[in-house]
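One structure is given here, and the rest of the page talks about it.
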Amino acid sequence: MGKEITPRLQDYSQWYLDIVKKADMAENSDVRGCMVIKPYGYSIWEKMQAGLDKMFKDTGHTNAYFPVFVPKSMFEAEEKNAEGFAKECAIVTHYRLKNDPQNKGKLMVDPDAKLEEELVVRPTSEAIIWNTYKKWIQSYRDLPILINQWANVVRWEMRTRLFLRTAEFLWQEGHTAHATAKEAEEETVRMLNVYADFAENFMALPVIRGRKSEGERFPGAIETYCIEALMQDGKALQAGTSHFLGQNFAKAFDVQFSGKDGKLDHVWGTSWGVSTRLIGGLIMAHSDDDGLILPPRLAPIHVVIVPIFKTEAELASIAAVAEKIAGDLRKLGYAVKFDNRDNQKPGYKFAEYELKGVPVRIAIGPRDLENGTVELARRDTKEKSVKQVSEVAALIPSLLEEIQQNIYQRALNFRNSMTTHVDTYEDFKKVLDEKGGFVLAHWDGSKESEAAIKEETKATIRCIPLDAASESGKCIYSGKPSVQRVVFARAY
RNA sequence: CGGGGUGUAGCGUAGCCCGGUAUCGCGCUUGGUUUGGGACCAAGAGAUCGUCAGUUCGAAUCUGGCCACCCCGACCA
C-alpha cells in the first residue's frame, strides 16, 4: 500500500519526511521554502498554543499583536540585532502592481509605486515592539509590561525542512519590559522554566536548561537561555529560547522611565519564543517506524474507536456500544473519534491511526458484542488487551496518563544513554562520530576554542547547563582550565 | 550563494541513448464479492510529457534559453 514509511535506521531524514507527509501534518507548498500546515498538524499546534498560552497567562502575560512589517530604519536601530538577521530578511519595496503593457494578461511591479522607505518583513519583532513601548512607558508605574504575541515570522532560509526550518513559520514571542535588571533576569529564567515545563509535561520531551555561549547568543541579547532536546538520531534540537536583553533595545529605541526617585533610567527587557519547530521535535523524539507517536496531552484525537462489521445491522449494534463509550469519554474531556467509514477495512484503519499517532485505539467486533468486551490497544507499546465494555471508559484516563509518562521516560532513558562524559579531544571526536548524542566536556570559555571545535567536528556548544555541578578540569581543545562541563552536540 | 540532480495523470514512475501522440503501480469513479492487521474482481475517468524557441514531414525523445523543485556544502529557530 502507498503508506510505507522509510525505516529510521535506513534514512532518518526520509523517515521524518515520510511521517510528516503520511500522517497528514504538512506539505511543501508551491511557494518556495514555505509549508502548508494541514489540519492534523495544525491541530497539534493548537494544542501547543493552548497549553503555552495558559502558562503565559498564569504568569501574568497578556496577548497583543504588532505589525508584520518593520520600516528599515526602525529595524536597524539595534545594530547587533539588525546585523544578525540582515542576511535572511525579506523586504517590501513596492506597494502596487499594474498590467504589463509588454505582456498581455500579466502583471508587473509598478515602478511608480516604490516605497519611500523599504519595509522589512519581521524575522522577529523586537524593533517594532520596543519602538512602541517607548510610547507606552513614562514611569515605573507603567512597568512591567508583560506581552506575548502569536504570529508568523519570515527568515529567508536557503535550505528548508518541513517544521524544522521554513522561510515562514509560526511562533509566539514574548516581549517584556522591567524597571530593574534583576526583575528582567528573573523573567528570563521564569519563562525558560515555563518552556522546560511545557516540553517535559506536554511534549513528554526531556530538556536540558542552559545558557548559550557568546557565539550562539541571540543578536542584541546580553544573555540567551535555552532548552535543548535530543532527537532519536543523536542530534540536538533547540526547543526554546529566552533572552535577557539588558538595556540594549531600550537604549536603541530610547525607552526611559522615571523611577520613584524621579531619576530617568533605561528600561530592562526580555524576549522569549518557541515555534512550530516544536512539532518537528515532537516527531523526531518519539515516533517509530510505524509512524507518529503523540503524547496524549498534545494528541488531537485521544481515542479512536474502530468497528469491525459485515452488515449494516452489525454496524448499528456496534455503533450503539461505541457511542456510549465515546459519550462517557467526551464527558471526561477526551477527544474521541468513532470511525464508521464502510469503505476501509479495519486493518487499514488500524495502520492509519498508528501512522497518525492516536494514543489509544478501541476495536469492537461481533465477538466483542457477544462477550460484552472491546479490544484496547495503546500506540506507544502496541500492546493489546481485552476489556469489559462496562469498565473501559473508566480505564482510559489512567491509561492516557501512563502513556504520557511512558513516552517521557523512554525519551529520558534514551537521552541518558546518549549522554557521554569525555575528557580528551580524541574521545570527543570518537563519541561524536560513532555514537552522537550529548557530549559533556570541559571548555575554556573562549570563542576561539568553540569556533575551532565547531570547524573541526561540526559540533556546537548547545548550552552551558544551569544545574551542572561545578567541576574543575581542562578544556578538551586548549587544555586551559575550566570550571564546569558544557553540552556539545551536532544539532539541527 | 557554490557543486550535483530531476521535471511525464492527484502521487510514484517506464519510455528519451536509437524521433512516429505515452507504460505500470497507488489513488479516484461505478458495480459486485469482502471486512478481528494496510481486501479482491470487473468496467471506467484522468497527461496540451515544466516552459519558450529551434531542427524535422513528424519531438516526451535531438539542440538552446528560461523556470521550478530536490540533494550535498556555507548560514540559521
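This structure is a prediction, so every number in the text was calculated from the model and none was measured. Labels below follow one simple rule: chain letters A, B, ... track the order of the sequence lines, proteins then strands, and each chain is numbered from 1.
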In whole angstrom, give the distance that lies between atom CZ of A/R379 and atom C1' of B/G37. 13 Å
With a 4.0 Å cut-off on heavy atoms, is A/Q344 in touch with a base, just the backbone sugar-phosphate, or nothing at all? nothing
Roughly how many Å is it from CZ in A/F350 to C1' in B/G38, rounded to a whole number? 11 Å
Please report the distance, rounded to the nearest Å, between NZ in A/K349 and P in B/A39. 11 Å
What distance separates A/L205 CG from A/I227 CD1, expressed to the nearest 0.5 Å? 7.5 Å
Suppose we call a contact any N or O donor and acceptor under 3.5 Å apart; does that hold for the side chain of A/E354 and the base of B/G37? yes
Can you check the distance between B/C24 and B/U63, where both ends of the measurement are the C1' atom (answer in whole Å)? 31 Å
Across nucleotides 67-75 of chain B, 5' to 3', mark each nucleotide with B, S or - according to how protein heavy atoms within less than 4.0 Å reach it. -SS--SBBS
Considering only the C1' atoms, how many Å lie between B/G32 and B/A22, rounded to the nearest integer? 32 Å
Taken to the nearest whole Å, CG/A/D289 to C1'/B/G38 is 16 Å
Starting from the 5' end of RNA chain B, give me the residue, A/A491 or A/A377, whose nearest nucleotide shows up first. A/A377
Suppose the criterion is side chain to side chain donor-acceptor pair (under 3.5 Å): which pairs have a residue in residues 311-320 of chain A, not counting sequence neighbours? none
Provide the full list of side chain to side chain donor-acceptor pair (under 3.5 Å) pairs with a residue in residues 78-94 of chain A, sequence neighbours left out, each pair given once. none
Filter on ring-ring contact (aromatic ring centres under 6.0 Å, His included), then keep only pairs touching residues 278-324 of chain A, sequence neighbours left out; what's left? A/H302-A/Y334
Aromatic rings A/F169 and A/W171: how do their planes relate, parallel, tilted or perpendicular, breaks at 30° and 60°? perpendicular
By nearest heavy atom, map A/A167 and A/D368 onto RNA chain B; which one lands nearer the 5' end? A/D368
Provide the distance between the two P atoms, one in B/A42 and one in B/G27, to the nearest whole Å. 15 Å
From CG of A/D339 over to C1' of B/U35, roughly how many Å is that when rounded to an integer? 13 Å
Let me check something: any side-chain donor-acceptor pairs from residues 161-168 of chain A under 3.5 Å, sequence neighbours excluded? List them with distances.
residue : atom : partner : partner atom : Å
A/T166  : OG1  : A/E168  : O            : 2.7
A/E168  : OE2  : A/N152  : ND2          : 2.8

Rounded to whole angstrom, note down the P distance from B/U48 over to B/G10. 8 Å
Using a 4.0 Å heavy-atom cut-off across all strands, classify A/K384 as base, sugar-phosphate, or nothing. base
Close N/O contacts between protein and nucleotides 2-12 of chain B (under 3.5 Å):
none

Please give the stem ranges for RNA chain B, sorted by first residue number, where a stem is three or more consecutive Watson-Crick or G-U pairs and both donor-acceptor distances are under 3.5 Å. B:1-7 with B:67-73, B:10-12 with B:24-26, B:28-33 with B:39-44, B:50-54 with B:62-66
Suppose we screen for salt bridge (charged side-chain N to carboxylate O under 4.0 Å, His left out). Which residues come up paired with A/R8, at least two apart in sequence or across chains? A/D289
Please verify the inter-ring angle class for A/W45 with A/W150; under 30° counts as parallel, over 60° as perpendicular, anything in between as tilted. perpendicular
B/G64 versus B/C70 - spacing of their P atoms, nearest Å: 26 Å
Within this structure, what is the CZ-to-P distance between A/R341 and B/C28, rounded to whole angstrom? 10 Å
Residues in side chain to side chain donor-acceptor pair (under 3.5 Å) contact with A/E456, at least two apart in sequence or another chain: A/Y425, A/Y477
How many Å lie between CD on A/E314 and P on B/U34, as a whole number? 13 Å
Just call it for A/T373: base, sugar-phosphate, or nothing, with non-hydrogen atoms closer than 4.0 Å on any strand. nothing
Using the six-membered ring wherever Trp is involved, compare the ring planes of A/F202 and A/F198 and label them parallel, tilted or perpendicular (cut-offs 30° and 60°). parallel
Applying a 4.0 Å non-hydrogen cut-off, can you work out what A/F169 is touching in the nucleic acid: base, sugar-phosphate, or nothing? base
Quantified in whole Å, what is the C1' atom distance between nucleotide B/U29 and nucleotide B/C71? 38 Å
Would you classify A/R361 as touching base, sugar-phosphate or nothing, given that sugar-phosphate means primed atoms plus P, OP1 and OP2, and contacts are heavy atoms under 4.0 Å? base
Between B/C28 and B/C67, how far apart are the two C1' atoms, rounded to whole Å? 31 Å
Within this structure, what is the CD1-to-P distance between A/I308 and B/U35, rounded to whole angstrom? 12 Å
Tell me whether A/R190 is salt-bridged to A/D197, with the criterion being a basic N under 4.0 Å from an acidic carboxylate O. no
Among all residues two or more places apart in sequence or in another chain, which pass the side chain to side chain donor-acceptor pair (under 3.5 Å) test with A/K458? none
Where does B/U63 land, syn or anti, once you apply the within-90°-of-0 test for syn? anti
For atom C1', what is the distance between B/G12 and B/U55, given to the nearest Å? 33 Å
Would A/R379 count as a cation-pi partner of A/Y353, with NZ or CZ less than 6.0 Å from the six-membered ring centre and within 45° of the ring normal? no
Would you please name every residue forming a side chain to side chain donor-acceptor pair (under 3.5 Å) with A/K430, sequence neighbours left out? none
Assign A/D342 to base, sugar-phosphate, or nothing according to its heavy-atom contacts below 4.0 angstrom with the strands shown. nothing
Could you check A/K212 against A/E228 for salt bridge (charged side-chain N to carboxylate O under 4.0 Å, His left out), going step by step and ending with a plain yes or no? CA-CA 10 Å; A/K212 283 294 188 191; A/E228 291 285 329; 2.8 Å; yes
Identify the two heavy atoms, one from A/I5 and one from A/D290, that lie closest to each other, and give their separation to 0.1 Å. CD1-C, 3.9 Å
Give, ordered by number, those residues of residues 222-243 of chain A having at least one heavy-atom distance below 4.0 Å to an atom of RNA chain B; if nothing qualifies, reply none. A/Q238
